[in-house]
S.K.: 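I have a structure here, written as structure tokens, and I will follow up with some questions on it.
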Amino acid sequence: MERRKKNFAASIGGWSARHRWSALLIWIAFVAVATFAGNAVGTEKMKSYESLNGDSRQAAQILDAANFADVASEVVLVQTRTGSLTVSDPAFRRAVLDVKSAVEATGQVENVRTPYDAQPSPVTADRRTTLVQFDMKGEAATADQRITPVLDAVAGVQRAHPDLRIEEAGGASADKMIGEAIDKDFVRAEQLSLPITLGILLAAFGALLAAVVPVALAMTAIAAATGLLAFTSQILHVDSATSNVMLLIGLAVGVDYSLFYIMRAREERAKGLDKGRALQIAAATSGRAVLISGITVIVAMAGMFLTGNGIFMGFAEGTILVVLTAVVGSLTVLPALLSLIGDKIDARLIHGTVRVATRGRVTWRRVLGVRGGQSRMWGAILRPVLRHPLVSTVIAGGLLVALAVPALSLKTGPQTIDDLQGDYAIAETFKRIDKAFPGGTEPAVVVVKADDVTTPRFTAKIEEFKRQAMATGEANEPFHVAINPDKTVAKISIGIKGSGTDAVSEHAVHTLRDEVIPATLPGAHVTGGTAASMDFNDQLGRTIPLVFAFVLLLAFILLLISFRSLVIAIKAILLNLLSVAAAYGVLVLVFQDGYGESLLGFRSIGTITDWVPLFLFVILFGLSMDYHVFILSRIREAYDKGMRTEQAVTVGITSTAAVVTSAALIMVAVFATFATLSLLTFKELGVGLAAAILIDATIVRAVLLPASMKLLGRWNWYLPRWLGWLPQLSHGDEETEEEAAAPADRAPVLVN
């Protein structure tokens, strides 16, 4: 019999274990160089137009190159609370002029406009509401650092005129109030994630080192990947939220990969094997599963590049880097650490404490239900599943289908001010302004480029544009024209009817693009909140089928090559799609239909944020495949040693149940912390990810996977004859496989 070569993961792990100090020093040097060099280079953030698509992107690109002053605009709402006080009344006028005087006195503002100026600020038809408009001095990017005195000045005027509503809103004040709140939310979520992860690892291992090592490895991988992102972002710019996504994914997969490795090494040591042999087997088995899982996750993430949207592509860039770094760390430095630490990794501080406290009556293994490397709890669940596989499949499958049914009514919408949940006064101010001046807070922005946009002929065109736009009945004040320094670009802001996110606003944008602009300003482009959302949805509609096809096809090919089974590859895809569909159903029930509002502390707005479903699909498909590959690798390993399919399924699932359960708990806990954030979008991400991982690690992996494998029997390993050229990969340690004797009743691999 020809001796099978060790797999790549085994070779790397073996070298690291033998040259542990070299491997450790290389990893430390890599992390240090990547981190410090990355900090020196700096991460290149996306330009404003890179997050847009279509006509909106073209407009934003023109604006970006036009050298407009980077200005943060603010408005103060002045509104009668009760009675008939109007802009013409002396008391109202006094309040407006007090606002103007107060904000000018701060020395931080310029271009203040009121309804009493030559170029007046807007007033409602009933004349009971107006805006005081002004710009912050200096760069818009830092305006939030200078806005506090202005906010205090406006608050002082409000106290002096209690009969009127006087409230400020705008880019700088929003960045100041909302930005700080969201930053605190993220800090809190990150601070919660680490202790929760450590706590679950301590419960799983009962050993301090075994809990610390996975977290330390994950955090160093995240640090190194963040440093590498600084270099890659010079080519493909990233959104500021990319680092938060990297932390979320990096902590989840980094800890998972270490868990897979450490659990297998401990299991082999428990069988009586020496340290070197245990690490050798862990590298050949769990190490290979980590490699396949990592590649599958990376392939899934790469699907986001096909969207053509800068935010998605930046997320893909960051998550691929952090997963790749976590895989490299797990295959190299982890075996080196385990070789160095030895059996001290199993020093059971928690185990010992429990044993002493209960005088030996309770041990941590019994609490976990794990004995001899296999889970008694999952063994008890698995027995009836394998005894009645058809009934189990129907019940579990029916439950997931029932959860997925609400997803058929999934409705998406753009992020709006309603996305901000909690007691934020500025959110209510924005809503009042939008109600009083529809489209005023999110106007359509028409961008037109010419040799000189200030000539009488071109000015007449702009006036004709205004006239025709207003004549449609779909546009309204405020109307404002800004010219860039070299007079080649005009930026025209015009209010549009509707809420900014409804069909009325979308129709208004279509009217501007299809009728008014061709007749008055041919070649102009339209951007703004409504237009950008429309273009994003159009782009997503075109690219989603490509993303789905890319992810599913490449995942299928990877699984086919890894397990040499057509059935395994197809079934893995179907089970993952089912768990993702169930997660979508949970999202609809919670955030669209409003079940659990009081529990999670939010108010449903009737839609799911438009980019969330695609992002969830890619992330969930990749992470779900982690567990699937790990469990299937163990099943295939047992099958290759000569076990029948049912026996291999039992051994594979019960021997991996402890690590899969622990890993799933960590992921669920980490993702659930995001459900505590103020933005509804992040609540959706947190609940969607946590629900999907929980469903995947329990119903899918513990019931549907084993039941379907029992039903299919030897057909699980079916491979058409014309695919016989696929490489024969090892799923276990070669010496162990060769030593195993194959029983006579073992079914052969089916090849046609």
Side-chain angles (χ1 to χ4, degrees), residues 47-75 110-113 117-122 131 133-141 143 170-171 437 439-472 474-497 500 505 508-532 534-535:
K47 294 183 178 179
S48 58
Y49 66 82
E50 290 178 307
S51 63
L52 304 175
N53 300 100
D55 196 47
S56 297
R57 185 184 179 102
Q58 289 179 276
Q61 279 182 288
I62 294 172
L63 292 175
D64 184 70
N67 297 317
F68 275 96
D70 190 18
V71 175
S73 297
E74 292 283 305
V75 297
E110 59 187 2
N111 302 325
V112 183
R113 300 176 298 282
D117 295 325
Q119 291 186 339
S121 58
L131 299 176
Q133 301 172 314
F134 57 88
D135 300 325
M136 293 294 296
K137 291 181 179 178
E139 293 186 3
F437 303 96
T441 56
E442 277 293 347
V445 178
V446 178
V447 179
V448 59
K449 189 174 183 181
D451 293 335
D452 188 347
V453 296
T454 62
T455 63
R457 180 172 172 271
F458 208 91
T459 302
K461 284 186 175 184
I462 293 176
E463 285 300 318
E464 180 61 17
F465 164 78
K466 178 181 180 181
R467 188 189 69 77
Q468 290 197 24
M470 297 298 183
T472 65
E474 298 184 65
N476 52 255
E477 294 285 356
F479 182 90
H480 179 68
V481 180
I483 308 297
N484 72 325
D486 63 6
K487 302 178 181 179
T488 57
V489 177
K491 180 174 70 172
I492 306 166
S493 298
I494 182 169
I496 53 176
K497 301 294 184 181
S505 297
V509 171
H510 279 302
T511 300
L512 291 177
R513 284 177 170 172
D514 302 338
E515 299 175 18
V516 181
I517 286 176
T520 58
L521 296 171
H525 304 280
V526 183
T527 185
T530 305
M534 291 165 58
D535 293 336

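Atoms considered below: every heavy atom in the structure, side chains included; atoms not considered: hydrogens, waters and symmetry mates. As the structure is a computational prediction, the values presented were derived from the model and not from experiment.
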S.K.: Side chains of N484 and T488 only: does a donor on one sit below 3.5 Å from an acceptor on the other?
M.R.: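 A donor-acceptor contact under 3.5 Å links the two side chains.
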S.K.: Can you pull the salt bridge (charged side-chain N to carboxylate O under 4.0 Å, His left out) pairs that have at least one residue in residues 50-68, sequence neighbours excluded?
M.R.: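 Output for this query lists D55-R513.
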S.K.: Taking all non-hydrogen atoms of both residues into account, name the closest pair between A140 and A72 and its distance.
M.R.: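 That closest heavy-atom pairing would be CB-N, 3.6 Å.
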S.K.: With a cut-off of 6.0 Å (strictly less than), are more than 12 heavy atoms of other residues, nucleotides or ligands near CG of D451?
M.R.: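 For D451, atom CG is not crowded (no more than 12 foreign heavy atoms under 6.0 Å).
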S.K.: Are the side chains of V489 and V447 in touch, meaning some heavy atoms are under 4.5 Å apart?
M.R.: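 Yes, their side chains come closer than 4.5 Å.
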S.K.: If you define the side chain from C-beta out and look only at heavy atoms, does anything of V526 sit under 4.5 Å from I517?
M.R.: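 The answer is yes, as the side chains (C-beta and beyond) meet within the 4.5 Å cut-off.
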S.K.: Which value, rounded to the nearest 0.5 Å, describes the distance between I462 atom CD1 and T520 atom OG1?
M.R.: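 I462 atom CD1 to T520 atom OG1 measures 9.5 Å (nearest 0.5 Å).
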S.K.: Return the minimal non-hydrogen interatomic distance between I496 and S505, and the atom names on each side.
M.R.: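 Taking every non-hydrogen atom into account, CD1-O, 4.0 Å.
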S.K.: Would the distance check show the side chain of T454 and the main-chain N or O of K487 forming a donor-acceptor pair, the cut-off being under 3.5 Å?
M.R.: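 No; judged by distance alone, with no hydrogens or angles, the pair does not exist.
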S.K.: Kindly write out the residues that satisfy salt bridge (Lys or Arg N to Asp or Glu O under 4.0 Å) with E139, not counting sequence neighbours, or none if the list is empty.
M.R.: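 Applying salt bridge (Lys or Arg N to Asp or Glu O under 4.0 Å) to E139 gives none.
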S.K.: Using side chain to side chain contact (heavy atoms under 4.5 Å, CB included) as the criterion, point out the one residue from D535, D514, T530 that pairs with V509.
M.R.: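 Among the candidates, only T530 passes.
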S.K.: Of all residues at least two apart in sequence or in a different chain, which pass the side-chain contact (heavy atoms from CB on, under 4.5 Å) check with E110?
M.R.: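 side-chain contact (heavy atoms from CB on, under 4.5 Å) check on E110 returns D135, K137.
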S.K.: State the CG-OG distance between L63 and S48, to the nearest 0.5 angstrom.
M.R.: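 Answer for the CG-OG pair, L63 versus S48, is 7.5 Å.
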S.K.: Check whether any side-chain N or O of S56 sits under 3.5 Å from a backbone N or O of T527 as a donor-acceptor pair, and report yes or no.
M.R.: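 Looks like no, no N/O pair under 3.5 Å.
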S.K.: Is a side-chain donor or acceptor of E74 paired with a backbone partner of M136 at a separation under 3.5 angstrom?
M.R.: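 A pair under 3.5 Å: no.
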S.K.: With sequence neighbours left out, write down each residue that passes salt bridge (Lys or Arg N to Asp or Glu O under 4.0 Å) with K461, or none if nothing qualifies.
M.R.: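 For K461, no residue satisfies salt bridge (Lys or Arg N to Asp or Glu O under 4.0 Å) once neighbours in sequence are set aside.
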S.K.: What is the distance from atom CD of Q61 to atom NZ of K449, rounded to the nearest 0.5 Å?
M.R.: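 Nearest 0.5 Å value for the CD-NZ distance: 10.5 Å.
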S.K.: For the CE atom of M470 and the CG atom of N476, what is their distance to the nearest 0.5 Å?
M.R.: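 Going from the CE atom of M470 to the CG atom of N476 covers 6.5 Å.
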S.K.: For the pair V448 and F458, evaluate side chain to side chain contact (heavy atoms under 4.5 Å, CB included) and give the outcome as yes or no after the intermediate values.
M.R.: CA-CA 10 Å; V448 59; F458 208 91; 3.5 Å; yes
S.K.: Does the S121 side chain pair with the main chain of L131, one donor and one acceptor, at a distance under 3.5 Å?
M.R.: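 Side chain of S121 to backbone of L131, a donor-acceptor pair under 3.5 Å: yes, one is there.
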S.K.: List the steps, then state whether side chain to side chain contact (heavy atoms under 4.5 Å, CB included) holds for M534 with H510.
M.R.: CA-CA 10 Å; M534 291 165 58; H510 279 302; 3.3 Å; yes
S.K.: To the nearest 0.5 Å, what is the distance between CD1 on I62 and NZ on K491?
M.R.: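 The distance works out to 13.0 Å.
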S.K.: Mind checking what makes side-chain hydrogen bond (donor to acceptor under 3.5 Å, both in side chains) contact with E464, not counting sequence neighbours?
M.R.: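 E464: side-chain hydrogen bond (donor to acceptor under 3.5 Å, both in side chains) contacts with R467, Q468.
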S.K.: Under the rule for side-chain hydrogen bond (donor to acceptor under 3.5 Å, both in side chains), what residues qualify as partners of N67, not counting sequence neighbours?
M.R.: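 Partners of N67 under the side-chain hydrogen bond (donor to acceptor under 3.5 Å, both in side chains) test: none.
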S.K.: Look up atom CG in D452 and atom CD1 in I483, then write down how far apart they are to the nearest 0.5 Å.
M.R.: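 Here the interatomic distance stands at 9.0 Å.
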S.K.: Report yes if some heavy atom in the side chain of L521 is under 4.5 Å from a heavy atom in the side chain of V516; otherwise report no.
M.R.: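 Counting from C-beta outward, L521 and V516 never come under 4.5 Å.
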